[in-house]
Structure formats: C-alpha cells, structure tokens
Amino acid sequence: MGYNFLEIEKKWQSYWAKNQTFKANNKSTLPKYYVLDMFPYPSGAGLHVGHPLGYIASDIYARYKRHKGFNVLHPQGYDSFGLPAEQYAIQTGQHPNLTTETNISRYRKQLDKMGFSFDWSREVRTSQADFYKWTQWIFLLLFDSYYCKKTNSAQPIEKLVAHFETHGSVNLNAVCDKKTSSFSRDEWIGFSHLEKQEVLLMYRLAYLSESEVNWCPDLGTVLANDEIVSGVSERGGYLVTKKKMKQWSMRIGAYAERLLEGLNHLDWPESLKEMQRNWIGKSIGANVSFDIQDHEGKIEVFTTRPDTLFGVTFMTLAPEHPLADIIVSDEQKTEVAAYVEASAKRSERDRTADVKSISGVFTGSYAIHPLTKEPIPIWIGDYVLAGYGKGAVMAVPCGDQRDFDFAKHFNIQIRNIFEGADITNEAFVEKRKIKIKDSDFLNGLDYEEAMIKVIDRLEQEGSGEGTINYRLRDAVFSRQRYWGEPIPIYYKNGMPVALKPENLPLVLPEVEQYLPTPEGAPPLGNATSWAWDTVYEKVVHNSELNETSVFPLELNTMPGWAGSSWYFNRYMDADNQQVFVSKEAVDYWQNVDLYIGGNEHATGHLLYSRFWQKFLFDLNLLPVDEYAKKLINQGMILGSSAFIYRKKGTQEYVSKNLIKEFEVEPIRVDISMVNNSDELDLEALKKWHPQFSNTSFILENGVYFVGREVEKMSKSKYNVVNPDLICEQYGADTLRMYEMFLGPLEQAKPWNTAGISGVHSFLKKLWKLYHKSEEFHVSDGAASKESLKSLHQTIKKVTEDIENFSFNTCISFFMICVNELTTQKCNEREVLEPLAVLLSPFAAHLSEEFWQLLGHNTSISLASFPVYEPSYLVESSKNYPVSFNGKMKFTVELSLELNPKEIQEIVMNDERTQKQLQGKVPKKVIVVLGKIINIVS
RNA sequence: GCCUUGGUGGCGGAAUUGGUAGACGCGUUGGAUUCAAAAUCCAAUUCUUUCGGGAGUGUGGGUUCGAUUCCCACCCAAGGUACCA
C-alpha cells in the first residue's frame, strides 16, 4: 500500500474543516499577519493549474507564519461580477447569477482539494448584495466628496458648499474637471438649485462627464477593447467607432501625486512600481496658449519643453479637439472632415503604435505665436491624443523626433534653435549640454535657465504658466452592462441625485434580456418593476419628493474593478451588517502584510485600489493610506498548446517535421490527445471532432508529431491542465510541491507535467523512511551526527528560502535531505519531528499525518517552527581549485583563513603551478574570502 | 510604438549577487533486483575531440586578473497599454 495520499488528504481536509483550524480571530494577544491572494474571477473553464500557483505560495507563507507564532488572517473570496458571465447570459439566456453560483461551487471544490488554509468563514463575493451594498456606499461617499488641495485630502462636499456660501469661488483650491467660471458669494446664493448642482458636479470625486467609448452602432452597444478584434466587433464582425457619451468618472487624477509618492514606501517589486510611475507619468512643463487668427478662443497646449518655444513652426490638434471643426477653413473642410472620420475608426493604440505611417491634414488656419506674434499653421494629426495634456501640441521639429518626421513628411519649415546641433537627419532631443540660439531673450541659455525664464515671461504676459501634467487619466466608471453593481443614483430634472445610504443596497433588477434596450439604453433599461419598486418605494415614500412623476434611475453599472478596490478591508470583518468594516477590526488588522497576485494588474486593480484606500483614509474610515505593505507578483503558468498542420485547401494533415515541404496552416488540438513525446493519438482526434473523421495524415515512421507553442492557458486554446486530475493521480501535496518546484515564483513558466514524478517519489521516499512493512516505525534513540547535520542544514536553508520566497530551492533542499537520511538509514524521532514541521507549509497533509503518527493529538499548525543549531554545521576544510592564468586549474586544500606565507607555500609546492611559472615568482595571488582565486605570473 | 520582465544542457531550472557554470528534478543510457513487468536502488549524462585539449550562459562589443552576474548596442519571447479580470 505505502503512501496513501488520497486517504491522508481527505482525512486532514475534513479535520481542518470540522475543527475550523484556520479560522482567524479578531481578538488576540499574538502579533497579526494578513496574507492575501488576489481573489479569482470564477470562470466557466474552472480552475486550471495556473491559478493555484499564487495560492500555494501564500498558503506556504501563511502556514509558516502560524508556526512562527502569528495570528494569521488568510481569507479567500470571489470577484464574481464580470463580462464572461454576461456574455454567456446573452447567448443562452441563463441568469449570470446562476452561472456564477455554479462556477463558484466548482472553484470551491477544486480549492478544497488542494488543502489551502483559508478562513472560509470570511468569504466575500462581489456580486452579492450584502457585499455590493458597501461598494455602492463607497460610491456615495465619493459622490459626496471633493478634493481639497490645501489639506491635500478628500473633504465632504458640504465644506465646498460652505466655502461658496461665504467666499464664492474666491480662494478656492480644489480639483475640478474643467475650468469653471468664477463667481461671488452673492452669485452663488442667487444660483438655482440646478445651477448649484451643476457646479458641484465639477468637483465631486465621482462625477459625470463626456468621455469617449467604443461604440458599435449595429449592436447598439459599447464594447470593451477585448471585444474588438482587428477593428470590428468580435460578436458579428461589425464596424466600431468612437463616440462621446455621458459617463461616470472617478477623479483619480486628484490623487496622482500621492499615488506616486506612496510608492516610495511600499515593499513592492521595483519593476511594478516603475510601471505605476510611468503610468501616472508625471511631467513638468508649461501650459501655453495661442491665439487663433480670425477666430475667437485660444488653443492651449501642454509642453515639457517651453524652452524651445521659439522653435515652434506648426501646431497639431487631436482630431477630436473641440476647435478642430470650428477653425477649419472652407477649402479644407472636406479634407479635414474625412480625416477626422477616418481616425475615429482607429483605436488609440493603433494611432500611437504606428510611428511609421505619418498622417495629418492642414486646417487652413493659423495660430499666433504668443511671443513673436508670427502666424503658425495649425494641423490635425491623429498621433495627438485628445485625452493627454490639452489634446494639442506645439510642434518643435528641431527638438522632437515625431514633430521632425511630421514636418519632413509635409514639408513644413524646420527651425534650428540649438547652437551647433546637426538636425539634417534627425531631431536633437537631448536636453542638456547645449545652448539655445535664435530665440530672442533665451539666446545662450541652457535648458534649465531657459525653462525658468520663458515660464516667467509667459506668466507675465498672461499667455501661459508653469505646470505639472500627469499622464494618468480619470477613470471611467460607467459600464453599459447588466452584470455589475447598480450605481445608486437617480435623476431629477436631468441632475444626478444620490440615493440615501439607508436605502442601500440598490439590488440588481431581473430582466428578460441582457442586451441593450431597443431604444439604446443599457441592459438595466429592460427592467420593468425596478424603477418603481426602488425609487418610488424608497425615495417617494421616504418623502424625498412629494410628486409622483417618473424618476429614472441610473441604468449604467459599475466596472469590474469597483468591488476589488476595497474587498481586502471587508475580509477583516466580513459579516458586519452595520458598517463596511468595524473600527475595532480594522484597528487590529490594519493592512495586508503580504499580497500575492499577478502583475497583469499593475496599472489596473493595483492602482485603483490604492486610490480608494487613500480616499477612505482621508475620510478617517481607515487607519492607513496604503493597504498592502508587501506585494509579490507570481508569474503566470503558461500552457503548451499542440498544433497539427493542414495542407492548405485540403483535408490532409502533415506531421510536424515535414511541414517545410508543404504550405500548411496550423490548427490547435486538445493536449489531452498528445503524449509526452508529442505523438498524437489519431483515433482520439477522429473522435474529438467530426471534421477529423475523414482525413488523411502524412506520418513520420508511422507517427504523427504535433508542434508546440507556449501561450496563456485558456479553454479556447485547448491547453488547459486541470489540477483535479493531478490531485487524484499524485495527491495535493505533490501538486503543491511540484508547482513550487517548477521555477521561481515570480517568473512565468510553461506547465509541464513530465517532472512531477520526481517530487512525488520524494514524498514516497520520506514515507518509506519511517515505515517498516506498512507499520509506522520510529526510533526514540539518538540520531547520528550526519543525520543531525543534514537536518539542521535543511532547517537553515529552508527557513532562509521561505523568508525570501524562494520556494523552488526549498524543495531541492528537502530532496537532498531525504536522500541523505535514506542513505544514513535515519529513522529517529529526533529528526522526523522537526522535519515534519519544516515540511508542513509545503506538504500540509503528509506532515499532519506524521505529526499524528508521532503521537500528537493537536494539529501540526500549532507546533512552532524548528530553529537550526549552528554547532551541527561546522565547516570542514575543503578542496578549492585555483585557476592559473585563467586556464590551467589545480586544486589546493585550504582552511578558512589564509596568510600570505601559506599562500606562497601552496603556490610553491604545487608541481603544476611551478611548471607553469617556470621558476618565476607569481606577480599576484588573488585571494577572496580566504580562497586563492587566481595567480598572475 | 511605449512601459515592464525574461533568454543558461534534450527539458524545468541552480549558481553564496563579480570567483569551480550546469545544484536539485525530469528525460536518456547502462547496471542491480525480478520468471517477467511495474515499482525500487546504483552509476553516467553541456557540447566537441585526433583524449593533449578545445568551445560554451540569445547576438555583437566593452570594463576586469576573472563576467551567467556590471556597462553599451541589437535580436527574440511574455505581460500591460486605460471597458477582460
């Protein structure tokens, strides 16, 4: 029988569940430790071997911390709102909630099989009303707040109203979405209620504004970028254009500086922090405004190089720029209109990524240089994005490569304002080490001096100002979807009004159809009873209004990132019905000590959640303004897809090594039909899909070999490996250890089941070491010196490596240790007891079984982690090879310390060294840490 | 395009952070055990060689007594690129 992992694992999983072994307590005298995983989206494909990688790592660390005497919070839940469930609903009519519930119960079964030490009593689901009630509540707080630049924090909107009532807009230092006209105290008081609301909306942290969306007229809906494949909709293949729509947005831009600065204090991967820094994209420069010849208004640009203002030879507006169709001359009208229309069909990424093809169109109008008063031609170019800076640039061809290319292409003047720079073939983009010429009062100055001087002049003349620009855009918060949190807003006279917190949750209504309404309203518009029930009952009967007209509710829902922006706080106090998290709980748990998840969330979830945390901190609802002290990105486990090759236009398939002889197209096949030598099971293929039942194959030596390609693991690529099968075949402990053994946690790596037997036989070996003819066999005698040395070496290395999250090398040390103990025929309790605890974060079930066999009647998770004893690890002298002239190598026996005399003796007494030296004394002997490294003659 | 990461045997990966490149595992080969197979155990395994050696960490340079490690340029792959999660 031997190591019966199925029985052992089942036994301990039910023991842990029954005894609630991993339930965390909100009151404890122990120090706290909060280990968090990014909660999964429960997809229909089930959990694949890639998902558990991070969960295993966090579980190892959570179990390790429990052994080290911490009160560990290690929760899990589901990010259960999302697009796939909705798309499935559109296709099948099945309610997304049903799909989601089914998927969740499947996920839970799979997770349970792997023996994770999650505290399931704190489970959260973002799609459940008792959770999204609080997501809506946070939305209301954002709606009722503005950002005060004086206190540098969010403040209640009443404070803003109070300011308007006493000072008007004078001396106001608040972030708003556009330039507001200034007004006095009396004017404010004179405003109608509607006018007041209109002003306030420009300051709220959750606000309504026009933003651009991917619009598909044929489907009558907004599409995610993911739903667009090469310019057309994935569903139906219809044309997609851009369209402006009134959308809810989050004023994350107000937090740009704090989000940037906060990174400096986080123990997150440098690369990820760098990504966030670049995403926020702080740049220092100036806003400059240009008058327009024969037109009202001004064109404002942001530039990081105001020092090159005298090098401006043209301006470029984004095609979406509001002035674009106003300033265009009559003769250019058709050309401009065609260009604007064409670029509306191009995606933003396409526009910026494509640097090779230069496109643009002249508007026929001229701006006036603010200092020289010269006319400057105004162009439109789609490399300028409406959403960045001011949506317009002043072009300085001599100092910017893209401006240079544009000018060359359209034959626009290039003016060199850099002393001694050669700009015949490319722009001079270097900022330093050059002086400016032909620039009036800036002549002879360098970059820094010119920056200060020109900004000074612009400010004096009122045509510009020094400013800081962030690339970070405010986050669009509306989705024209069904399966998301309803936004707790209704409209009165076209103005958004917040529901009262006591009326939350605003529950998702039932609908017949998950598609937009025929009138083009979002899917929630299909609800028949919702508006009546919710708004009439809650708003009218609570006498918010005493009229019985229709109150339209907001029909958009929240985006996927809403719930995930604060869920980690909810785990601290998941059952609380009164508050989103009690003060008591959050004061104890504070924040996440270790957060493990993929770096694909770097500029999405990980930025939005920091923003919400800072916001809630500003309102004194949370004690810290960063929620995750340490973050680790686990690398993605990639799948190894299998391909067969069809001869073009035929039903003949060619084995992999013969494809060069034919013109073929690759087709994915399910990897379950391919063995470890890449041989395809042809019978299985014929059964797999009817299209293969009547095909012929060109084989190599009677075998069809498939091609392989490493890519993201996904159901649609037929390359998913299911962890359940592995748990059945080898056990969860093997899977846990193998996933860790596969490679460094942070690195992406392809899944390969081939190596799993090595880890499995390690566990079998350990089992056998302490079993004699099926009976547990342990000696109470003293262990040998060698055994203790092996043990303590392993304790030392494994402890160090757990602390460094280098779990793959831990497994190697375990293997070496068990091999050594097997050779030493070690079976002493003295060794097994600490070894079982050492192993328990990894092979959680097996070590628990050993713990019981050793006579303990409590869970091994209560045992304390072993500490190594240095006296067992005394180093003996070692043979070190010494390289001579970098070529010849010989070996000398060295003790740990060397003095020059000893070195000389070693060198002189070695025959081969002497042969090489030919009697000469070496010039130099390099010794590092007591080792001779090199001898130079 | 831009931002970030990675590239070491047949494969996954080690390398005390500038000091014996290839730990550990898989695979392969040979052997032991067995009627046989599975399982298990032992040994070999970077390539090349005229058996002296030679080459070798994506490519090409550089710094250094010494480079997988540091610097410069390039090639390739993965993730993100603002409505997938």
Side-chain angles (χ1 to χ4, degrees), chain A residues 2 38-41 43 79 81-84 87 213-214 222-228 247 269-279 281 347-356 383 387 402 471-481 559-561 564 598-605 607-608 633 635-636 638 676-677 710-712 738 741-744 746-759 761-762 764-765 768 800 806 808-809 811-816 819 822 879-883 885-887 889 891 923-929 931-936:
Chain A
M38 288 184 187
F39 60 168
Y41 172 76
S43 93
D79 189 9
F81 272 133
L83 203 48
Q87 280 169 337
V213 294
N214 298 313
V222 176
L223 295 178
N225 288 337
D226 250 38
E227 297 174 287
I228 303 166
Q247 305 265 300
E270 246 347 284
S271 63
L272 187 133
K273 291 203 271 185
E274 194 60 23
M275 262 193 256
Q276 289 209 347
R277 283 190 193 108
N278 292 331
W279 187 258
S347 74
E348 202 167 274
R349 196 183 313 172
D350 200 32
R351 280 165 54 174
T352 46
D354 183 10
V355 288
K356 278 170 197 147
Y383 73 95
R402 217 159 19 175
R471 205 182 70 100
L472 181 70
R473 304 209 284 254
D474 278 352
V476 178
F477 199 71
S478 299
R479 298 290 183 272
Q480 291 68 40
R481 311 277 179 200
W561 54 267
S564 62
N599 75 342
E600 66 268 27
H601 300 285
T603 53
H605 160 63
L607 201 58
Y608 296 132
N633 290 133
M636 192 178 287
L638 302 163
N676 285 336
S677 319
V710 170
E711 52 189 356
K712 222 174 184 171
Y738 184 59
F741 186 59
L742 216 49
E746 275 137 306
Q747 217 168 281
K749 50 219 159 230
W751 176 260
N752 176 9
T753 320
I756 203 162
S757 63
V759 175
S761 62
F762 153 76
K764 279 198 284 192
K765 237 183 218 175
K768 264 176 59 182
E800 281 168 6
S806 179
N808 54 327
T809 46
I811 318 276
S812 294
F813 294 131
F814 279 127
M815 287 174 171
I816 295 168
N819 279 342
T822 305
N879 283 327
Y880 286 109
V882 175
S883 67
N885 280 351
K887 286 193 173 181
K889 282 169 189 167
T891 310
K923 268 189 191 153
K924 210 198 247 177
V925 177
I926 293 148
V927 181
V928 176
L929 300 169
K931 288 183 244 176
I932 293 182
I933 297 307
N934 202 4
I935 300 169
V936 188

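First the proteins, then the strands, lettered A, B, ... as listed; each starts at 1. On a predicted model such as this, the values are computed, not experimentally measured, just so you know.
The pairing partner recorded for B/G6 is B/C76, the criterion being a Watson-Crick or G-U wobble arrangement whose two distances lie under 3.5 angstrom. Across all strands shown, B/U81 pairs with B/G1; the Watson-Crick or G-U wobble distances both stay below 3.5 Å.
Taking every side-chain heavy atom of A/Lys768 into account, B/U40 is the closest of B/G13, B/U4, B/U40.
Its glycosidic angle being more than 90° from 0, B/G25 falls on the anti side. For B/G62, the glycosidic angle deviates from 0 by more than 90°, giving an anti base. With a glycosidic angle more than 90° from 0, B/U46 adopts the anti conformation.
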Pairs under 3.5 Å (N/O, protein and nucleotides 23-34 of chain B):
from: B/G25; atom 1: OP1; to: A/Asn819; atom 2: ND2; distance (Å): 3.3
from: B/C26; atom 1: O2'; to: A/Ala754; atom 2: O; distance (Å): 3.2

Inset, instruction - For side-chain contact (heavy atoms from CB on, under 4.5 Å), just list the numbers for A/Gln247 and A/Phe477, CA-CA rounded to whole Å, side-chain angles, deciding distance to a tenth of an Å, and then say yes or no. - result: CA-CA 7 Å; A/Gln247 305 265 300; A/Phe477 199 71; over 6 Å; no
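Ion pairing between a basic and an acidic side chain is recognised when a charged N comes within 4.0 Å of a carboxylate O; A/Glu348 and A/Arg351 show no such pairing.
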Inset, instruction - List the protein contact pattern of nucleotides 70-85 of chain B with one symbol per nucleotide (5' to 3'): B for base contact, S for sugar-phosphate-only contact, - for none; contact means a heavy-atom distance under 4.0 Å. - result: ---------SSBBBBB
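Contacts of A/Trp751 classified as ring pair (Phe, Tyr, Trp, His ring centres under 6.0 Å), with partners at least two apart in sequence or in another chain: A/Tyr738.
Closest of all the heavy-atom pairs between A/Pro269 and A/Asn633 is CG-OD1, 3.6 Å. Closest approach of A/Asn808 to A/Pro744, counting heavy atoms only: ND2-N, 3.6 Å.
Taking atom P in both B/C70 and B/U57, one finds a spacing of 15 Å when rounded to whole Å. Comparing the P positions of B/U8 and B/U69 gives a spacing of 13 Å, expressed to the nearest Å. With C1' as the reference atom, B/A32 and B/A39 are 14 Å apart, rounded to whole Å.
Taking the nucleotide of RNA chain B with the nearest heavy atom to each of A/Thr352 and A/Lys764, the more 5' of the two is matched to A/Thr352.
Nucleic acid contact class of A/Pro744 (heavy atoms, under 4.0 Å, all strands): sugar-phosphate only.
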